[in-house]
Novice: 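Right, I'll just put the structure down here and ask away after.
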Amino acid sequence: MKVLVLGGVAAGTKIAAKLMREDRGNEVIVLNKGKNISYAGCGLPYYVGHVIEDKEQLIVNTPEKYSKLTGVTVLTETEAVKVDPQAKKVTARDVNTGEEKEYDYDKLVISVGASPVKPPIEGCDLENVFFVRTPEDAIALRDVVDAGNIKRAVVVGAGYIGLEIAENLKLLGVRPFVLDMAPHALPGFDAEMAEYVEGKLQESGIPVVTGVTVTGIEGSGKVEKVTTSKKAYKADLVVLSAGIRPNTAFLEGTGLEMFKGTILTNALGETNLPDVYAAGDCAMVHNALTEKQAWSPMGSTANIHGRLIAQNIMGAGLNYRGALGTAVCKLPGMNVGRTGLTEAQAVEEGFHPVSVITVVDDKAHYYPGAGTFIIKMIADKDSLRLLGVQVIGAGAVDKVVDIAVTGIMLKGTLSDLADLDLAYAPPFSTAIHPFEHTLNVLMNKINGKFETFTPAEYAAGAAEGYKVVDGCLMPSIEGAPYVELTTVEGPIEGLDPEEKILLVCNKGKRAYLLQNRLKFFGYKNTKVLEGGITFNEVSI
């Protein structure tokens with residue numbers, strides 16, 4: 001079988017290599033526009049910051065090494081410019097000479113990826129304006145910073161790559177500002193979680209300005225200033241990380257079904273055209289929870305989906321189970337991770353979501369280096385099905401996220417996921433794992449044993465008319481009556497059992513324990529503020 005693969009990097013190289021492992025008799029040809037067919041795109045920000053020192057480490061495989069390893073024929077600097085699905089031919093152009101050549105195929109895989117979005121503004125072509133999509137981009141950016149003349153930088157885009165670039169620029173002594181037109185940083189996080197991260201980034205010296213539109217980049221030859229809908233920012237360097245767009249313009253007229261330039265595929269990875277498949281950043285997959293179309297331009301999705309497509313080309317008939325938008329990101333002093341639906345998305349999809357935010361130990365509290373996780377867990381109140389998780393903390397947030405991914409993919413309910421025998425030792429976790437701890441708290445909330453205001457509810461004014469009671473380890477809320485949990489053995493003088501009381505502590509746990517006691521002693525209208533003063537700003 002002759003299989004033509006357009007594009008390399010993640011999906012293309014995975015598909016080609018797997019095809020050869022499935023049947024060494026296949027003839028598999030990769031046509032790739034660039035010189036590099038396999039590089040560590042997710043590692044580029046860390047090369048900029050000298051976390052990864054050697055640029056050769058960014059190249060996963062050279063074309064020669066990959067070809068010898070797999071048996072795939074690799075043609076680099078060869079750009080596909082036309083596809084004729086009726087004749088089963090692809091026209092490709094040599095990017096150096098302009099010479100065109102036709103290639104026939106039995107099966108075609110389109111994995112041409114995506115390119116950075118270039119904002120429709122003046123100044124994008126000034127010196128010291130960068131994208132970070134390829135190794136060459138990262139190398140050029142680091143060289144400029146290493147020259148020592150860059151003091152201030154503006155990063156346009158507060159997604160994962162933009163924030164990682166900002167962190168690594170700061171490591172090099174550059175003062176970064178991050179701008180984004182969205183209401184909050186970190187797509188895929190609910191507003192209150194994103195706001196918490198934004199506050200921590202501000203404290204670390206990385207201001208994030210959201211809800212702002214970049215209107216221009218100005219300078220005499222090289223960048224000097226970035227103008228926005230709100231104010232101007234001086235800058236010696238600009239990194240544009242405002243999204244990507246599929247490289248599919250050359251496919252117009254082929255009859256391929258697309259959505260906003262992204263190729264639609266079915267569960268087998270097939271397009272609407274016979275013997276044509278698509279994968280990677282140029283292809284649309286589906287969401288594992290909602291079954292709706294979803295764009296998941298992640299290296300993980302490209303590899304998982306690509307491996308399955310290779311098997312399906314060989315007749316396996318395997319259905320792709322879908323993506324969840326799972327992501328994890330390292331930021332100054334914290335890691336963030338998420339999977340599944342946000343609470344807002346769950347409402348839009350017709351679920352009846354209930355959520356809880358906990359602040360829990362990430363390992364035994366007495367073990368050196370112990371910290372905390374802030375976990376938001378979301379489930380459907382009717383079915384108890386787990387819908388999503390968002391995690392912030394200095395430790396291994398990916399562990400919590402990965403447990404959630406497993407539960408969601410298996411359509412697990414909170415009951416299914418309760419009491420899991422997860423790994424425990426003081427250096428690694430708590431005796432009841434942070435995921436399980438949060439699940440227990442959420443179940444208590446659903447069952448009415450834990451009555452709360454979420455941070456979002458509190459910020460929206462739901463606690464108006466409630467008396468704030470300070471239940472922290474020591475008095476911490478100015479103007480609020482303080483109650484020491486361990487001394488409560490009956491009704492509390494000055495607190496009417498009928499009045500509305502908001503119990504607030506450092507993290508939420510002591511307030512829950514206090515609520516439990518007060519209920520026993522006849523207090524009927526208590527609420528606990530989830531996340532306590534760790535997550536919320538509380539004032540009287």
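Bear in mind that the values here come from a model prediction, so they are computed numbers and not experimental data. All residue numbers in this chain count up from 1 along the given sequence.
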Novice: Tell me if a side-chain donor or acceptor on T534 pairs with a main-chain N or O of N506 at a distance below 3.5 Å.
Specialist: yes
Novice: Kindly indicate whether the side chain of C329, heavy atoms from C-beta on, has any atom under 4.5 Å from the side chain of N335.
Specialist: no
Novice: Are K330 and E167 close enough for a salt bridge, meaning some N to O gap below 4.0 Å?
Specialist: yes
Novice: When you check the gap from the basic side-chain N to the acidic O, do E343 and K376 get nearer than 4.0 Å?
Specialist: yes
Novice: Any carboxylate oxygen within less than 4.0 angstrom of a Lys/Arg side-chain nitrogen, looking at K507 and D361?
Specialist: yes
Novice: Show your working on side-chain hydrogen bond (donor to acceptor under 3.5 Å, both in side chains) between N36 and E136 and close with a plain yes or no.
Specialist: CA-CA 10 Å; N36 298 310; E136 290 80 10; 3.0 Å; yes
Novice: Assess R152 against Y233: is NZ or CZ under 6.0 Å from the centre of the six-membered ring, and within 45 degrees of the ring's axis?
Specialist: no
Novice: Can you tell me how far CD1 of I375 sits from OG1 of T358, rounded to the nearest 0.5 angstrom?
Specialist: 4.5 Å
Novice: Go through H50 and D146 one step at a time and tell me if the side-chain hydrogen bond (donor to acceptor under 3.5 Å, both in side chains) criterion holds.
Specialist: CA-CA 10 Å; H50 285 269; D146 285 352; 2.9 Å; yes
Novice: For F453 and Y458, I'd like to know if the aromatic rings sit close, meaning centre-to-centre distance below 6.0 Å.
Specialist: no
Novice: Kindly determine whether Y482 and E484 satisfy side-chain hydrogen bond (donor to acceptor under 3.5 Å, both in side chains), including the steps that lead there.
Specialist: CA-CA 7 Å; Y482 178 72; E484 166 52 52; 3.3 Å; yes
Novice: If you count the non-hydrogen atoms of other residues, nucleotides and ligands that lie under 6.0 Å from CD1 in I432, is the total more than 12?
Specialist: no
Novice: Taking atom types as modelled and ignoring hydrogens, do the side chains of T290 and E349 form a donor-acceptor contact shorter than 3.5 angstrom?
Specialist: no
Novice: Determine, for R142 against D137, whether the closest basic-nitrogen to carboxylate-oxygen distance falls under 4.0 angstrom.
Specialist: no
Novice: I would like to know whether F373 and T430 meet side chain to side chain contact (heavy atoms under 4.5 Å, CB included); could you show each step before the answer?
Specialist: CA-CA 12 Å; F373 287 144; T430 49; over 6 Å; no
Novice: Locate the shortest heavy-atom distance separating P426 from K363; write the atom from each residue and the value.
Specialist: O-CB, 3.4 Å
Novice: Going by heavy atoms in the side chains, are D236 and V223 under 4.5 Å from each other?
Specialist: no
Novice: Check whether any side-chain heavy atom of L514 lies under 4.5 Å from a side-chain heavy atom of T526, and answer yes or no.
Specialist: no
Novice: Using side-chain heavy atoms (C-beta onward) and a distance below 4.5 Å, is E478 in contact with I540?
Specialist: no
Novice: Any side-chain donor-acceptor pair under 3.5 Å between T452 and E530?
Specialist: yes
Novice: When you check the gap from the basic side-chain N to the acidic O, do E203 and K200 get nearer than 4.0 Å?
Specialist: yes
Novice: Rounded to the nearest 0.5 Å, what's the gap from SG on C505 to CG on D470? Could you check?
Specialist: 9.0 Å
Novice: Should I357 and I374 count as side-chain neighbours, where that means a heavy-atom distance under 4.5 Å?
Specialist: yes
Novice: To the nearest 0.5 angstrom, please state how far the CD1 atom of I52 sits from the CD atom of Q57.
Specialist: 6.5 Å
Novice: Hey, could you give me the OG1/CG distance between T210 and L186, rounded to the nearest 0.5 Å?
Specialist: 11.0 Å
Novice: Hey, are the side chains of I378 and Q390 touching, using non-hydrogen atoms and a 4.5 Å cut-off?
Specialist: yes
Novice: Would you mind reporting whether Y47 and N168 have side-chain heavy atoms less than 4.5 Å apart?
Specialist: no
Novice: If I take atom CG from residue L420 and atom CZ from residue F435, how far apart are they, to the nearest 0.5 angstrom?
Specialist: 7.0 Å
Novice: Starting at OG of S38, measure out to NZ of K65 and round the result to the nearest 0.5 Å.
Specialist: 9.5 Å
Novice: Relative to the ring of Y320, is the ring of H286 parallel (under 30°), tilted (30 to 60°) or perpendicular (over 60°)?
Specialist: perpendicular
